[in-house]
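Quick one: the structure is below, questions incoming.
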Amino acid sequence: MSTAKIPLWRDDRFWKIVLQILAVIVVVVIVDFFLFNLRLNMARRGSTFSFNFLSSQASFDIGEALISYRSSDLYGQAFLVGLLNSLKVMIVGVILTTGLGITAGIARFSNNWLIRQIVTLYVDLFRNTPILLQLLFWYFAVFTNLPKVEDRVLIFGSLYISNRGIAMPWMGSSTVAWLSLLGLVGLAIAAFLVWQQRTKIMVEQGASGQNLLFVLLGMGVTALVLLIFGLQWTFPVINEQGATTGGLRLTAEYCSVLLGLVFYTGAFVSEIVRSGIQSVAKGQWEAAKALGLNSGLLMRLVIFPQALRVMIPPLTSEYLNLCKNSSLAIAIAYPDVYAVSSTILNQTGRAIEIVLMIMATYLIINLLISLFMNLLNSSVQIKER
Amino acid sequence: MRKNRLLFAILPIFASLAACSATVNTTTPATTTGSPGGEAAAPAGKSRLDTVISRGKLVCGVSGDLPGFSFVDQTGKYSGLDVDFCKALAAALFNDPEKVEYRNLTSKERFEVLKAGDVDVLSRNSTWTASRDTALGLEFLATMFYDGQGMMVRKDANITKLEDLAGKSVCVETGTTTELNLADQMRKLNIDYKPLVFENGDATYAAYAQGNCEGVTSDRSQLAGRRTTLPDPTNHVVLDTVMSKEPLAPVVANNDSSWANVVRWTVFTLINAEEMGITAQNVDEKLKTTDPDVKRFLGVEGSLGKDMGLPPDFAVRIIKAVGNYGEIYERNVGTGSKINLPRGINKLWNDGGLMYSPPFR
C-alpha cells in the first residue's frame, strides 16, 4: 500500500493543477483572440488606439452643465460635464427612489383600503411598462403639455412650473450660505448624539433627561435660524427678457429623466420593502404589540431593522439598475455621460476608445455602489457572538 | 474518473477555439454581423466593386426619414434624391435600379457602419468636411447637393434672426455638422442658448413640433423636407440666415479607389447627362447621334465603362433608370415637388450654378 505507484491520471492533486492551468489557457486564448481581432480591424481601418483626442477642442455645446463649459473647451471637459450630469441624476435618483419605495412599500400594509389600492395600482402600472416608454411619457406627454414658458404657473408664491422645467427657491452660493449648511449638518449630528445620550441616561439611570431636552430645544432653534437666514435663500424671478433667473432651475429634460427613473425603480423598491417586511416572523409583530408599541414605533424599532437584512441585497440591484437606466436619458435630450460621449464619438470617430470609457464609467460607479451597499449589508446582519 | 470526464468536456472547446484562430489567420475575418454586406472594409487586393457585383445587389446606407432625400412611405417604398443615387448606382452595376438593399442609419452610426463594411456606400445627406475626409478615414466623392445650414422657427414666435434666440432652446440632431456649426455661430455672435440634442431626426422634429424648443437647425433642404411632415407646415418658416456650407456627397470607405471611381463617376454621369441634354425619354434617340462626345459618354464608342470596371453602356442604364441630375432634382426636391426648393446653386455650371462634371474622355 505504502509505495504502490498511483498512475498520474488517477492522482487527484495532478488533475487539480492541470485543470487550473487549462482554465488560465482558455482565458488567455479568448482574450488574445479578441485583442488580435481588434488590432487587425483597427489596422485595416488605419486607426490607432489612443486617448489623445480628449485634449482637442470639442466645439459643440451642451444643454446644461454643473461646471463651466463652452464649446471652445476640450473633449475631456465635455466628458466630465456629461459625467457630472449623470451623477446628478443617479445620486438624486437613488435618494428619491429610496424614499418613494419605502413609503409605497409600507403603505401596502396600511389599514386604509384606498391607500392600499392606490399603491397596488402604482406598483403594477410602473413595474410593468418599459422604462424608455415612461421617460418619453414624462417628457413628451407631461412636461411638453405644461403651460408654455411665457405663461408659467406659480405655485405657493415661489415655485414656477412650465414646459421648460421647474424653478424653485434654493440656498444661495455665498460662503455664509455654505458655512450655514455645514453648521446645519453638524447640528444634526450633534442632536442625534445628544438624543442617544439622553435615551441612555433615561434607561440606565432613570433620570428625567429634562436638561438634555433643553439642549436639544436650543439646537432646534439655532437650526431654524440658520435655515431661514443663514442659507440666504434665493427665489426664482422673471427678468425683463422673460427668462427665469435665481433659485434652483431644473430643466424639463432633467425632471423627466429623474421622475421617470424614480417612479419606475420606486415600484420595484416598494416590492422589495414589502417582501422584506413580510419576511419578519409574525411573532415579532405580536411581541412588539404586546409590549405596547404603537404602530409607528413597532415598524421603526422592531420590524424594519429586521426587514433590512432581507432588503439590502435586492435593493443594491435596483440602485445599479437605476444608474444604468439613466443612460436612456439621450432619448429625451438630457446630456448625460452617454449622450455627450456619443456626440464625441461621432465627431472624432474614436468608437473603441469612447465605448471603453463609457463602460469603465458605469462599471466604476456601479462597483462603488456595490461596495457601499455590501458594507451597509454587513452592518445590519445579526451579530453572532 | 469524474475529473477525466471533465477533461473530455473541455477538449471540444479547445478544438473549436483552435478552429477559430485558424480562420482568423488564414482568411480575412468577417465581421460578426452576418449581414450580406458584412465583409471587411477594404481587403487588400479585392475591391468592394467585386464584392458588390458577386453579391448581385448594392447595400446602400440612407436616412429613411427625410422627405425629398430618402423617405420610406407606408408601403415600404423608398424615394428621394439620395435613394435615386443608390438606384443609379445599381442600374450601372446590374441594369436594374431595384437591386438595392437600403439600410436606415442615424447620423450617429452612419460612418461607423460604413467603415465596418456593413454598407457599400453611404448616400445619406452627409456633409463633406476636411476632418471627416481625413481623420475619420472616409472617402467623399462628388457633391450631389450644395446645401447650407438654416434655422426653422414658428412664424408667430417673433424670431427673425439668430440673435432673437438668446435664452431660448434649439433642437438639433446629434452627430451632425449642424451641431458643430450651431455652436460656432452662437459663439461668434456671443448668444447664450440651450441646445437640445436628440439621437434621431424623428425625435428632434417631434420635440420641435411639441414646442420643447423655439428653433430647430439643420441643412436648409432638410428643414424644407421636414416642414412638410409637421402638423401645420404653413406655420413654420426657415430663417434667411445661412449658417454654413454643406456640400452633401456620397461616401465610401477609404483605400478602395476602384469602387470610389465607380461611385464618383456615377454622380458625374448624372450631371453630364443633364449638360448634354440627355433625359430618360430621349436617351434611345441620343444613341444614334453623330456627336463623338455623346457617343463616348453613352458607350457607343471608346472604353470608358470597361476602364471603370462597368459595362460600356453604364450611362445609358443610369439615365434610363433615374434620368439626369435635373430630372432627379425636380422629381424629389424641386419646385414641382412637395419640398419646393428652387435649384439655386445646384444649377449646372453653365447656368450659374455649381454642378460641374469633369469631361468624359
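Chain identifiers are assigned alphabetically (A, B, ...) following the order of the sequence lines, protein sequences preceding nucleic acid strands; residue numbering begins at 1 within each chain. It should be emphasised that the depicted structure is a prediction, and the values quoted were computed from it without experimental measurement. Quick note: numbers below take in every heavy atom, side chains included, and nothing from hydrogens, waters or symmetry partners.
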* **Heavy-atom pairs under 4.5 Å with chain A, option from B/Thr129, B/Leu136, B/Leu180 with the top count** => B/Leu180
* With a 4.5 angstrom heavy-atom cut-off, which part of A/Ile344 approaches chain B: side chain, backbone, both or neither? -> neither
* Part of B/Ala166 lying under 4.5 Å from any heavy atom of chain A -> neither
* Interface moiety of A/Ile62 toward chain B, non-hydrogen atoms closer than 4.5 Å -> backbone
* What distance do A/Leu345 atom CG and B/Glu109 atom CD have between them, rounded to the nearest 0.5 Å? -> 11.0 Å
* **Expected output: side-chain A/Asn346 to main-chain B/Thr174 donor-acceptor under 3.5 Å** => no
* Heavy-atom distance under 4.5 Å to chain A: side chain of B/Ser107, backbone, both or neither? -> backbone
* To do: Identify the heavy atoms of A/Arg164 and B/Gly211 that sit nearest to each other, and give their distance.
  => NH2-O, 2.9 Å
* Over all atoms of both residues, closest heavy-atom pair of B/Glu179 and A/Phe60 -> OE2-CD1, 4.0 Å
* Asked: Residues of residues 191-206 of chain B under 4.5 Å from chain A (heavy atom pairs)?
  -> B/Tyr193, B/Lys194, B/Pro195, B/Leu196, B/Val197, B/Phe198, B/Glu199, B/Ala203, B/Ala206
* If you draw a 6.0 Å radius around CG in B/Asp232, do more than 12 non-hydrogen atoms from other residues or ligands fall strictly inside? -> yes
* Structure fact -> Looking only at B/Cys171, B/Ala207, B/Ser131, most heavy-atom pairs under 4.5 Å shared with chain A are made by B/Ala207
* To do: Please look at A/Tyr338 and chain B and tell me whether the side chain, the backbone, both or neither of the residue comes under 4.5 angstrom of a heavy atom of that chain.
  => side chain
* Residue by residue, which of residues 64-73 of chain A have a heavy atom closer than 4.5 Å to a heavy atom belonging to chain B? -> A/Arg70, A/Ser71, A/Ser72
* Select one option (side chain, backbone, both, neither) describing which atoms of B/Cys213 are under 4.5 Å from chain A's heavy atoms. => backbone
* To do: Please look at B/Glu214 and chain A and tell me whether the side chain, the backbone, both or neither of the residue comes under 4.5 angstrom of a heavy atom of that chain.
  => both
* To do: Can you measure from CD (A/Gln347) to CZ (B/Arg132) and round to the nearest 0.5 angstrom?
  => 7.5 Å
* Please state whether the side chain, the backbone, both or neither of B/Thr176 comes within less than 4.5 Å of a heavy atom of chain A. => backbone
